[in-house]
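One structure is given below, encoded as structure tokens.
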Amino acid sequence: MPRSGVVTVVSAVPKQWALTREGFDKFLASLDADREKAGRIYETLHAKLISYFDWRNCPFPEEYADEVINRVVKKLDDGNEIRDLSTYVFGIARMMLHEIERSIEKQRAALSKLQDHQNLFETESEEAARRIECLTECLAGLSEKNRELIVQYYDGDGPVKIKRRKQLALRFGLQLNALRIRACRLREKLEECMGRCLVKNV
């Protein structure tokens with residue numbers, strides 16, 4: 001699954017459920033009764049998930065790691081009992097890996113069918129320009145503090161990104177899980193704004 005084979009920047013795995021603070025708190029409690037210790041366990045588990053997807057050349061390992069946690073949190077939020085959480089988490093990760101592989105294969109097939117069209121690159125260029133314009137507009141609609149948070153939260157790659165997020169949490173006076181939840185909400189807000197903007201500019 002080479003990174004160059006990815007057609008779109010959108011995650012290959014659809015997200016149909018939003019993380020809530022209550023759900024995430026339940027997830028932390030299932031890791032350990034001591035919240036501070038649970039936080040450390042979560043960070044270690046999340047880093048292992050990133051490595052799991054990164055070693056398998058997935059295009060967005062941190063995005064997929066977040067989605068694995070989201071799915072596990074949803075299971076707990078729905079009232080399901082998970083006895084061996086670590087084993088269950090990596091079971092979800094393996095299942096997602098198959099989903100990612102199938103999605104990327106579909107993207108490759110779609111791209112191969114489009115390669116004969118002479119206006120392919122022109123169309124993509126126009127769409128990319130519209131997306132950049134809409135993203136700029138939507139970011140401008142956020143407060144300066146929220147704009148700084150969302151931009152820096154997704155800046156960097158791999159270990160550098162993890163280190164920057166810890167620094168960002170310190171700067172904003174937040175725990176890492178609270179920072180992640182706020183970033184998720186801001187991202188959802190941006191995606192909704194982008195959707196409206198792109199439809200408007202068609």
Side-chain angles (χ1 to χ4, degrees), residues 1 6 9-107 149-150 153-154 156-166 168-170 172-192:
M1 295 183 300
V6 179
V9 179
V10 178
S11 172
V13 180
K15 300 176 179 62
Q16 300 176 346
W17 179 82
L19 181 71
T20 64
R21 181 180 296 276
E22 293 77 14
F24 194 78
D25 285 344
K26 188 179 295 185
F27 173 73
L28 287 178
S30 69
L31 291 175
D32 198 278
D34 184 315
R35 189 175 179 85
E36 186 175 341
K37 185 177 179 181
R40 292 195 297 268
I41 295 172
Y42 161 73
E43 288 182 32
T44 301
L45 185 61
H46 191 255
K48 286 182 178 178
L49 284 169
I50 293 173
S51 296
Y52 176 84
F53 289 113
D54 192 36
W55 290 341
R56 287 156 181 80
N57 292 323
C58 293
F60 311 106
E62 189 145 89
E63 298 286 327
Y64 298 139
D66 287 348
E67 180 61 13
V68 169
I69 298 297
N70 282 358
R71 293 188 182 192
V72 176
V73 172
K74 184 179 186 304
K75 282 288 183 182
L76 292 169
D77 215 20
D78 287 344
N80 294 282
E81 182 180 352
I82 302 174
R83 293 183 180 179
D84 188 341
L85 193 62
S86 180
T87 300
Y88 185 82
V89 164
F90 281 94
I92 294 292
R94 285 191 293 273
M95 181 180 69
M96 276 185 54
L97 186 63
H98 292 310
E99 293 178 29
I100 295 163
E101 289 172 342
R102 288 195 298 269
S103 178
I104 291 177
E105 284 304 318
K106 287 180 181 178
Q107 291 179 14
L149 188 151
I150 193 67
Y153 186 84
Y154 288 104
D157 192 20
V160 173
K161 182 183 285 186
I162 295 172
K163 182 178 179 181
R164 285 181 178 174
R165 287 185 178 180
K166 289 180 179 178
L168 191 62
L170 286 173
F172 280 87
L174 297 170
Q175 295 295 323
L176 277 172
N177 61 317
L179 177 71
R180 180 175 170 237
I181 290 171
R182 183 177 295 186
C184 284
R185 289 173 178 168
L186 286 172
R187 179 175 173 172
E188 288 172 6
K189 185 176 180 180
L190 278 176
E191 287 175 348
E192 290 174 3

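All residue numbers refer to positions in the sequence shown, counting from 1.
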Sorted by chain and number, sequence neighbours left out, side-chain hydrogen bond (donor to acceptor under 3.5 Å, both in side chains) with Arg165 holds for Glu62, Tyr153
Correct closest heavy-atom pair for Ala38 and Leu31 would be O-CD1, 3.7 Å
**Asked** Are any non-hydrogen side-chain atoms of Lys189 and Ile150 less than 4.5 angstrom apart?
**Response** no
Report task. Starting from the C-alpha separation in whole Å, work towards a yes-or-no answer on salt bridge (charged side-chain N to carboxylate O under 4.0 Å, His left out) for Arg40 and Glu36. Result -> CA-CA 7 Å; Arg40 292 195 297 268; Glu36 186 175 341; 3.5 Å; yes
**Asked** Taking the side chain as C-beta and beyond, is there a heavy-atom pair between Arg180 and Tyr42 under 4.5 Å?
**Response** yes
Of all heavy-atom pairs linking Cys58 and Ile100, the shortest is SG-CD1, 4.2 Å
ask   = For Lys161, does the NZ atom sit with more than 12 other heavy atoms under 6.0 Å from it, leaving out its own atoms?
value = yes
Those residues at least two apart in sequence (or on a different chain) that pass salt bridge (charged side-chain N to carboxylate O under 4.0 Å, His left out) with Arg35 are Asp25
Does the side chain of Tyr52 reach to within under 4.5 Å of the side chain of Val68, using non-hydrogen atoms? no
- Query: Honestly, is Arg94 close enough over Phe90, meaning NZ or CZ under 6.0 Å from the six-membered ring centre and within 45° of the axis?
  - Reply: no
inquiry  = Is there a side chain to side chain contact (heavy atoms under 4.5 Å, CB included) between Leu168 and Leu174? Walk through the geometry before answering.
reply    = CA-CA 8 Å; Leu168 191 62; Leu174 297 170; over 6 Å; no
Test side chain to side chain contact (heavy atoms under 4.5 Å, CB included), reference Arg71, set Lys74, Glu67, Lys75, output is Glu67
Using side-chain heavy atoms (C-beta onward) and a distance below 4.5 Å, is Ile50 in contact with Ile162? yes
Evaluate the criterion side chain to side chain contact (heavy atoms under 4.5 Å, CB included) for residue pair Leu97 and Tyr64; output intermediate values, then yes/no.
CA-CA 9 Å; Leu97 186 63; Tyr64 298 139; over 6 Å; no
- Message: If you apply the rule side chain to side chain contact (heavy atoms under 4.5 Å, CB included), what do you find for Asn177 with Phe27, and how did you get there?
- Response: CA-CA 11 Å; Asn177 61 317; Phe27 173 73; over 6 Å; no
Are Asp66 and Leu49 close enough that some pair of their side-chain heavy atoms sits under 4.5 Å apart? no
The side-chain hydrogen bond (donor to acceptor under 3.5 Å, both in side chains) partners of Asn80 (sequence neighbours excluded) come to none
Task: Carboxylate-amine/guanidinium proximity below 4.0 Å for Glu22 and Lys26 - done: no
Non-hydrogen side-chain atoms of Ser30 and Ile82 separated by less than 4.5 Å: no
Rounded to the nearest 0.5 angstrom, the CG-CG distance for Leu170 and Leu179 is 10.0 Å
Are Tyr154 and Glu63 side-chain neighbours, meaning at least one heavy-atom pair lies under 4.5 Å? yes
Q.
I'd like to check Ile41 versus Thr44 (side-chain heavy atoms, cut-off strictly below 4.5 Å). Are they in contact?
A. no
CG (Asn70) and CG (Asp77) are apart, to the nearest 0.5 Å, by 11.0 Å
More than 12 foreign heavy atoms under 6.0 Å from CD of Gln175: is that the case here? no
